[in-house]
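A short worksheet on the structure shown next.
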Amino acid sequence: MPSAKGLVPECHPRFIGTFWGAVSTAFCAEIVESADAYIFAGPIFNDYSSVGYSLLLKKDKAIVVQPDRVVIANGPAFGCILMKDFLKALSKRLRCNTTAYENYHRIFVPEGQPLRADPIYRKCCLVHGSKPCIGQ
């Protein structure tokens with residue numbers, strides 16, 4: 001989200017863009033919106049940060065972590081939980097999952113590079129196990 005834009009450097013190898021609803025970095029919104037769950041650490045949801053409340057996020061999949069409380073989906077809010085304590089405990093329980101990152105690179109075409117058929121053809125061969133028939 002735009003208010004946290006400086007948190008992850010754009011040169012970080014896992015940086016995929018800024019999620020900002022309808023004006024997100026190309027393909028970033030598709031990856032975020034298709035996630036199984038969202039964790040928002042200190043978000044500010046207002047008209048500006050949500051681009052006129054255009055975010056296509058489902059509240060039932062969200063965990064919102066504020067400085068002194070945690071809200072799970074549309075349900076319970078747990079007070080007196082510090083953000084730093086919650087995130088530290090959560091980090092110990094999470095496993096690395098690179099699926100979203102891999103999906104991003106599967107659909108992203110770097111700026112200035114033409115879309116070419118040969119990488120797509122090679123992927124089709126891997127998926128189907130043989131040479132697919134391609135017609136025009």
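E10 is linked by a salt bridge (charged side-chain N to carboxylate O under 4.0 Å, His left out) to K5, counting only residues two or more places apart in sequence or in another chain. Listed by chain and residue number, Y38, K58 satisfy the side-chain contact (heavy atoms from CB on, under 4.5 Å) test with K61 (two or more places apart in sequence, or in another chain).
Of all heavy-atom pairs spanning R69 and G79, the tightest one is CB-CA, 3.9 Å. Across all non-hydrogen atoms, the minimal contact from A73 to D60 is CB-O, 3.4 Å. Contact record, F40 with A62: CE1-CB, 4.0 Å, taken as the closest heavy-atom pair. Nearest heavy-atom pair, V65 versus P43, reported as atom, atom and distance to 0.1 Å: O-CD, 3.9 Å.
In this structure, K88 NZ and L90 CG are separated by 13.5 Å, a value rounded to the nearest 0.5 Å. One finds the CD atom of E102 at 8.0 Å from the CG atom of N97 (value rounded to the nearest 0.5 Å). I16 contributes atom CD1, which lies 10.0 Å from atom CG of N103 (distance to the nearest 0.5 angstrom).
Hydrophobic clustering keeps V8 apart from L94 (ILVMFWY residues linked when any side-chain heavy atoms are closer than 4.5 Å, directly or through intermediates). Two different hydrophobic clusters hold L87 and V64 under the rule that ILVMFWY side chains link at heavy-atom gaps under 4.5 Å. Side-chain heavy atoms closer than 4.5 Å link hydrophobic residues (I, L, V, M, F, W, Y) into clusters, and following such links, even through other members, never connects W20 to L56.
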Practice item. Would you check, one step at a time, whether the test side-chain contact (heavy atoms from CB on, under 4.5 Å) holds for V71 with I63? Key: CA-CA 6 Å; V71 180; I63 299 171; over 6 Å; no
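Not less than 6.0 angstrom separates the ring centroid of F86 from the ring centroid of F78.
Counting non-hydrogen atoms of neighbouring residues, nucleotides and ligands closer than 6.0 angstrom, the CG atom of D36 reaches no more than 12 such neighbours.
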What pairs of donor and acceptor atoms, side-chain ones from residues 25-35 against any protein atom, are under 3.5 angstrom apart with sequence neighbours left out?
residue	atom	partner	partner atom	Å
T25	OG1	T18	N	2.9
E30	OE1	F27	N	3.4
S34	OG	E30	O	2.9
S34	OG	I31	O	3.2

